[in-house]
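This report refers to the structure that appears directly beneath it.
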Amino acid sequence: MSRQILVTSALPYANGPIHIGHLVEYIQTDIWVRFQQLRGNQCIYICADDTHGTAIMIRARKEGRTEEDLIAAMSHEHQRDFHRFGINFDHYGSTNSEANRKICGEFWNALREADLITERSIEQLYDPDAETFLADRFVRGTCPKCGRTDQAGDNCTCGHTYSPTDLVDPKSTLSGATPVLREATHLFVQLDKLHDWLVDWVNTSDALQSEVANYLKGHFLAERLRDWDISRPAPYFGFEIPDSPGNYWYVWFDAPIGYIASTQQWCDGHGERLEHWWKNDDCEVHHFIGKDITYFHTLFWPGMLKTAGYNLPTKVHIHGFLNVDGKKMSKRDGTLISADTYLKYADPSYLRYFYATKLTPRVEDLDLGVEEFAEKVNSDLVGKVVNLASRVGKFAHGTGLSENYPDDGGLFEAAAAAGDEIAKAYEACDYSRAMRRIMELADAANPFVEHAKPWEMKKDPARQDELRDVCTVALNLFRQLAIYLAPVLPDLTTQCSELLGEEIVSWEQSRTPLLGTSVTKFKRMLNRLQTEELQKMIEESKELAAAEADTTAEPTFNDSDQPLKDEPLADEITIDDFAKVDLRVARVIKAEQVPEANKLLKLTLGLGGDEQRQVFAGIKAAYEPEALVGRLVVMVANLKPRKMRFGLSEGMVTAAGPGNADVFILGVDDGALPGQRVH
RNA sequence: GGGGCUGUAGCUCAGUUGGUUAGAGCUGGGGACUCAUAAUCCCUAGGUCGCGGGUUCAAGUCCUGCCAGCCCUACCA
């Protein structure tokens, strides 16, 4: 009984190129889809570019083009890369399509009807220059806890987390402007109304890996589910909400619906009905995703599907991240290798096979060790599998295959019997196990040729029948391997088909030997992988990253000349003049308000040990005392003490800026110690 | 701090419901062959199964404590 299966991979964001980390997922999915098709199931593979959101809007603006132009170019590039890696989508759409807008509307109405939508006003930082609300990652500023500057909008390297509205001296990374708080209405999905249903679904469906189910139960379902902020105010690149003008669906609302919209487009082109795939209990829906988007696919998405009356996922297959040589991929190390760069140095089959040997049904990170990668490809694929065909190909071209299958000591039969186990492993996404079993078969096949010594038969005209029998066995064992590897190595399968003049279309072909046909001239199938090529690949990635950093860094140096005009450079001095000023690193030990003073804060500065100075600084309008405590500042330590109305000031804290709220205290890089002199 | 996962030969891993001398591939050492892409074949080396307790006639396999590593999360996913 043939199954009907719809498969998706996560939608790549139209904001950057595909890299080898992304490919883990697409290769994993593609293998599964090809396996299902080989087994005779009706299986379609749907994907699309994820195109909406602030990041796309900002990037398009920076590049001076429309969003549509940007995402069209990106989609083209993505599809080109996927194609070159043998990722065989049945349809690759875009979330920025009319089909998607329409289905989003349908989901929206269903959520409204189920009374799951609520409205609330929230305050968010707004960039008055760029005229847009700012997501956390577009705000940087000084950590309110430790005073480190240039920290991200939601957390600091000191480990503290906070809201971007807590940042001292926040700046928009888009325009450099100081963001202001602005109120806007947002729409929320009250997910907690589906709490009981979700608990039940997580417990009873087979859709989730056990560790994922545990994670959900322990983290989210253990308490009240928070409302999900599902709208963004204009300007926003996305779909405007029909019954809430000026508000747009958040990109995470329309992205998963893109799975359905893209299916719709496929249906339109193939005379199919969407209901047959998405509103049909007989159709399985499988999502392949990375662990970072677990939450969306296992709580919100099922909730939305349930509410709108679509098929729930039969299975959400979640995989871990890719490391390279045991470390996170990084641009600096050159290990964040783009699909495009990879292809200049290595065959896509290598990566497909290597990932297959590493993938298990668990949510585990996988490691691409550069040495291991080359070893595995060379010894398994070239040395064992391809070698089997390579070593008899020349002989077989003359003899063709025997009419009857010769005695091979039970090798073919054993390999045919192993098919069920291998299929089971593929089905369970346990490719690692499948590859292991297949290589065991290859290990058993090579000794057969070795012991039969076909090269001796070749020299003896009386033994040509024997020679043909040996070739028949070797090539049939090779053919079995090619069939079992077909989901992983489509190119090898094609080459096998060409060699033997038989198209490989079904897993069942592994059960019966191919006999009595001619064999075409053997052509080399796969080259060995040189580790030097991999080194070059990493080098090129490094250079690309460096070049990119150059071009992106440039605009940030576009500084105004106003400060210099306001305060021209002073007269030249000698080094001796400068040496008279004793600048020291000091730690702010105490910082207090001076009740009667308009501009002053009273600071107690430590120079290490017991050495302390009391300093009055005119920074009241710019800094909260609490934010200063613990910070390192640079002070003029040998300034003659000066009596002020509120007490003695024994030095001066250095700072830049015209005054009032625009005062910026000089800091030092990590590692400096109180008491050290500034030279 | 909370949760999850992992810890078996130099490396990557397998070890089914607890049951004979713990396995494979790669690497290393020795040999053979020459059909094959410095491919292949044969032989060989090698591990107190992270550590300590416990249950059992019997534990890598179950329970418990500890140690190490990785990941997630830390009252806005």
Side-chain angles (χ1 to χ4, degrees), chain A residues 120 122-124 135-136 153-155 159-166 186 188 191 209-220 222-230 250 252 291-300 318 320-321 323 326-328 354 357-358 360 362-369 371-396 421 430 432-433 435-440 442-459 467 470-471 474 478 522-530:
Chain A
R120 201 180 310 151
I122 65 166
E123 281 195 323
Q124 208 185 344
D136 292 2
D154 54 356
N155 72 87
H160 285 286
T161 57
Y162 41 78
S163 155
T165 53
D166 297 335
H186 282 233
F188 293 80
L191 197 65
Q209 289 135 293
S210 61
E211 64 262 51
V212 176
N214 286 339
Y215 162 69
L216 295 175
K217 282 187 271 188
H219 264 276
F220 301 103
E223 48 196 271
R224 194 181 167 281
L225 291 162
R226 283 182 286 268
D227 292 350
W228 183 30
D229 186 349
I230 199 61
Y250 177 45
W252 262 111
K291 64 182 181 180
D292 52 329
I293 53 177
T294 297
Y295 180 80
F296 294 100
H297 283 82
T298 55
L299 292 178
F300 287 135
I318 304 177
F321 291 154
N323 290 323
K327 292 193 296 187
K328 279 186 183 170
F354 184 76
T357 67
K358 288 282 177 178
T360 72
R362 284 172 298 192
V363 190
E364 280 176 338
D365 290 353
L366 49 147
D367 187 49
L368 191 161
E371 291 291 330
E372 189 195 351
F373 179 56
E375 272 171 16
K376 221 156 207 165
V377 165
N378 288 339
S379 87
D380 289 358
L381 287 188
V382 181
K384 291 176 184 172
V385 177
V386 171
N387 183 240
L388 197 56
S390 178
R391 65 193 311 187
V392 297
K394 206 192 325 178
F395 306 139
E421 198 190 324
D430 200 348
S432 151
R433 178 181 295 271
M435 294 308 106
R436 220 164 36 237
R437 287 294 285 126
I438 295 169
M439 286 312 134
E440 281 173 23
D443 275 333
N446 271 302
F448 173 85
V449 181
E450 192 78 20
H451 298 316
K453 298 184 171 51
W455 53 95
E456 288 180 4
M457 298 171 181
K458 176 72 177 169
K459 293 169 191 158
L467 176 61
V470 171
C471 291
F478 170 72
F522 180 81
K523 281 181 274 187
R524 181 181 276 243
M525 293 175 170
L526 200 62
N527 287 312
R528 293 174 64 79
L529 169 60
Q530 308 298 328

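For the numbers below, each heavy atom of this structure counts, side chains included, while hydrogens, waters and symmetry mates do not. Remember, predicted model here, so these are calculated numbers, not experimental data. The chains referred to below are lettered A, B, ... by the order of the sequence lines, with proteins before strands, and numbering in each begins at 1.
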**Message:** Just to verify, what does A:Trp228 make a ring-ring contact (aromatic ring centres under 6.0 Å, His included) with, not counting sequence neighbours?
**Reply:** A:Phe300
**Fill in**
Residues passing the ring-ring contact (aromatic ring centres under 6.0 Å, His included) test with A:Phe448, sequence neighbours excluded, are none
**Request:** Name all pairs fulfilling the salt bridge (charged side-chain N to carboxylate O under 4.0 Å, His left out) condition that reach into residues 444-456 of chain A, sequence neighbours left out, sorted by first residue then second.
**Result:** A:Arg391-A:Glu450
**Request:** Return the set of residues passing side-chain contact (heavy atoms from CB on, under 4.5 Å) with A:Asn323 (not counting sequence neighbours), or none when no residue passes.
**Result:**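 For A:Asn323 the side-chain contact (heavy atoms from CB on, under 4.5 Å) partners, ignoring immediate neighbours, are A:Lys328, A:Asp365, A:Asp367.
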**Fill in**
By side-chain contact (heavy atoms from CB on, under 4.5 Å), A:Thr360 pairs with (sequence neighbours left out) A:Arg362, A:Glu364, A:Asp430, A:Ser432
**Message:** Checking A:Asp292 now: which residues fulfil salt bridge (Lys or Arg N to Asp or Glu O under 4.0 Å) with it, not counting sequence neighbours?
**Reply:**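 For A:Asp292 there are no salt bridge (Lys or Arg N to Asp or Glu O under 4.0 Å) partners, ignoring immediate neighbours.
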**Complete:** In whole angstroms, the gap separating C1' of B:C13 from CG of A:Leu366 amounts to 14 Å
**Message:** Wobble G-U and Watson-Crick pairs count when both distances are under 3.5 Å; given that, what is the 5' to 3' dot-bracket string of RNA chain B, with | for pairing to other strands?
**Reply:** (((((((..((((.....[...)))).(((((.......))))).....(((((..]....))))))))))))....
**Item:** Within residues 210-219 of chain A or reaching into it, pairs that qualify as side-chain hydrogen bond (donor to acceptor under 3.5 Å, both in side chains) - sequence neighbours excluded
**Value:**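 Qualifying pairs: A:Asn203-A:Lys217.
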**Message:** Can you pull out the residues from residues 292-300 of chain A that lie within a 4.0 Å heavy-atom distance of RNA chain B?
**Reply:**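 Those residues are A:Tyr295, A:Phe296, A:Phe300.
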**Message:** Strictly below 4.0 Å: does A:Arg362 bring a side-chain N or O up to OP1 or OP2 of B:U6?
**Reply:** yes
**Message:** Would you say A:Lys394 places a side-chain N or O within less than 4.0 Å of OP1 or OP2 belonging to B:A36?
**Reply:** yes
**Prompt:** For A:Asp380, what residues pass the side-chain hydrogen bond (donor to acceptor under 3.5 Å, both in side chains) criterion, not counting sequence neighbours?
**Reply:**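 side-chain hydrogen bond (donor to acceptor under 3.5 Å, both in side chains) list for A:Asp380, sorted by chain: A:Tyr353.
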Protein-nucleic acid N or O pairs under 3.5 Å, nucleotides 41-44 of chain B:
{"unit_1": "B:C41", "atom_1": "O4'", "unit_2": "A:Glu450", "atom_2": "OE1", "d": "3.3"}

For nucleotides 67-72 of chain B, which of its nitrogen or oxygen atoms have a protein nitrogen or oxygen under 3.5 Å away, and what is each distance?
{"unit_1": "B:C71", "atom_1": "O2'", "unit_2": "A:Lys291", "atom_2": "NZ", "d": "3.1"}

